[in-house]
Amino acid sequence: MASLGLVIFILSCAIFQAFPVSSSNNYGGLFPELYQFSCPQANEIVMSVLEEAIAKDPRMAASLLRLHFHDCFVQGCDASILLDKNSAFKSEKEAGPNKNSLRGYEVIDEIKAKLEQVCPHTVSCADILALAARDSVVLSGGPYWEVPLGRRDSKTANFNKANVNIPAPNSTIQNLINLFNKQGLNEQDLVALSGGHTIGMARCVSFKQRLYNQKGDNLPDVTLEKTYYNGLKSICPTSGGDNNISPLDVASPIRFDNTYFKLLLWGKGLLNSDEVLRTGNVKKTKELVKSYAENEAIFFLHFAKSMVKMGNINPLTELKGEIRKNCRRIN
């Protein structure tokens, strides 16, 4: 019979192989196999909740992708976006880019509740956001990628950073490049991740200035294609209707594909921050828009790569942060 010491040595070797301490994948302490033994059903639970939620409301896919993005751009991918306000801090949910705009919190709550039943205190809310973003893309017809896991949840939120770090819909190309660079993301990441706008909707308040007062001269944005412009005016009148919505990709609003980039070439980008990728006098972003419009496979490849990169913005790992029982509040 093997000695206890030998058994422990064999087990520790097996665990090391399953959960390598350092890896050449450059995920900074995150790795896709994290829950392979501690919560093998994790992926299946996330996917089953999303299948139901997106079947009921196809817009939910874009909403969950956006939740992950808005989380990562504020103090890293730490689920701070999910925290309700308390006596110690204001919620990021109340910040300008998020208020009356972000959706999908209840879907994350449902995933978390099911995971807590099966694997208590194991899967972080930050990892749920990353998995939900990936699966939402897949369920919409987009690419699959392995999600590095092991993020922990923050014990605080940052209302001020949420107001400053998240790109506004009327951003110039230089604003966008600067905000992405600040997060360690380059121009390729900017254009690829903007392609997430191939699904989802935007409120009139986000693009109304393009229709009526683009440069403060009471004139529309001249880069808007005429028929598209007239259609948008019927959705968004000069006064009121700020919460009316229009698809970001008018051709295939619930399918993840490269049509968004084709529409940009035709002057049918909805937000100023979309259109400037083509018209903003930055050679690299213009070339990428054209490349992705011509080749969906390259867009999918770059999008998946950039999602992994974005998901690795300042994650809390090991003893930092916590694994929340309820994503809306600290333990």
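Treat the numbers as computed from the prediction; the structure is a model and nothing was measured. In what follows, residues are counted from 1 in the order of the sequence shown.
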Starting from L232, can I reach W266 by hopping between I/L/V/M/F/W/Y residues whose side chains sit under 4.5 Å apart?
yes
Starting from the C-alpha separation in whole Å, work towards a yes-or-no answer on side-chain hydrogen bond (donor to acceptor under 3.5 Å, both in side chains) for N175 and T172.
CA-CA 5 Å; N175 287 151; T172 64; 3.1 Å; yes
Answer yes when K93 and D84 have at least one side-chain N-carboxylate O distance shorter than 4.0 Å, and no when they do not.
yes
Between Y105 and R328, is there a side-chain heavy-atom distance shorter than 4.5 Å?
yes
I173 side, atom CD1; N281 side, atom CG - distance, nearest 0.5 Å:
9.5 Å
Crowding at CD1, I45 (>12 non-hydrogen neighbours, <6.0 Å)
yes
Look at the side-chain heavy atoms of Ile, Leu, Val, Met, Phe, Trp and Tyr, link any pair under 4.5 Å apart, and say whether F89 and L82 land in one connected group.
no
Measure the acute angle between the ring planes of F256 and F300, then classify it against the limits of 30° and 60° as parallel, tilted or perpendicular.
tilted
Are I323 and I108 connected into the same hydrophobic cluster when the rule is that any two of I, L, V, M, F, W, Y join if their side-chain heavy atoms are below 4.5 Å apart?
no
Would you indicate whether the side-chain heavy atoms of S136 and I54 approach each other to under 4.5 Å?
yes
Do the side chains of I298 and L185 join up, straight or via other hydrophobic residues, at under 4.5 Å, putting them in one cluster?
yes
Can you confirm whether Q75 sits close enough to N165 that some side-chain heavy atom of one is under 4.5 Å from a side-chain heavy atom of the other?
no
Is the count of non-hydrogen atoms from other residues, nucleotides or ligands lying under 6.0 Å from K90 atom NZ greater than 12?
no
Option from E110, K112, E116 for which side-chain contact (heavy atoms from CB on, under 4.5 Å) with K114 holds
E110
Validation row: Y212, N218 side chains within 4.5 angstrom (heavy atoms)
no
Would you find a donor on one side and an acceptor on the other, under 3.5 Å apart, between the side chain of S63 and the backbone of A61?
no
Separation of Q209 CD from N170 CG (nearest 0.5 Å):
4.5 Å
Taking side chain as C-beta onward, heavy atoms only, is K182 less than 4.5 Å from V164?
yes
In terms of hydrophobic clusters joined by side-chain contacts under 4.5 Å, are L115 and I330 together?
no
Would the distance check show the side chain of N230 and the main-chain N or O of T227 forming a donor-acceptor pair, the cut-off being under 3.5 Å?
no
Side chain to side chain, K320 and D78, heavy atoms closer than 4.5 Å
no
Interatomic spacing from CZ in R210 to CG in L270 - rounded to 0.5 Å:
7.0 Å
Would the distance check show the side chain of D127 and the main-chain N or O of L149 forming a donor-acceptor pair, the cut-off being under 3.5 Å?
no
Are L288 and K284 close enough that some pair of their side-chain heavy atoms sits under 4.5 Å apart?
yes
Output for pair (S124 OG, D153 CG), nearest 0.5 Å, gives 4.5 Å
Check whether E275 reaches the backbone of G269 with its side chain - one donor and one acceptor, N or O, closer than 3.5 Å.
yes
Could you point out which residue of L271, N272, D274, V205 forms a side-chain contact (heavy atoms from CB on, under 4.5 Å) with P169?
L271
Heavy-atom side-chain contact between L102 and R66 under 4.5 Å
yes
If every non-hydrogen atom of P32 is compared with every non-hydrogen atom of E146, which pair is closest and at what distance?
CG-OE1, 3.8 Å
Pair Y260 and F299, ring centroids less than 6.0 Å apart
no
Nearest-0.5 Å distance, OG of residue S154 to CG of residue D71
7.5 Å
Looking at K208 and G240, would you say the former's side chain and the latter's main chain have a donor-acceptor pair under 3.5 Å?
yes
Look only at the side chain of N178 and the backbone of Q174, and say whether a donor-acceptor pair between them is shorter than 3.5 Å.
yes
Starting at CZ of R255, measure out to CD1 of I199 and round the result to the nearest 0.5 Å.
11.0 Å
Checking the side chain of R152 only, and the main-chain atoms of L319 only, is there a donor and an acceptor separated by less than 3.5 Å?
no
Within 6.0 Å of CD in E225, more than 12 heavy atoms from elsewhere
yes
Of all heavy-atom pairs linking S101 and R203, the shortest is CB-NH2, 4.0 Å
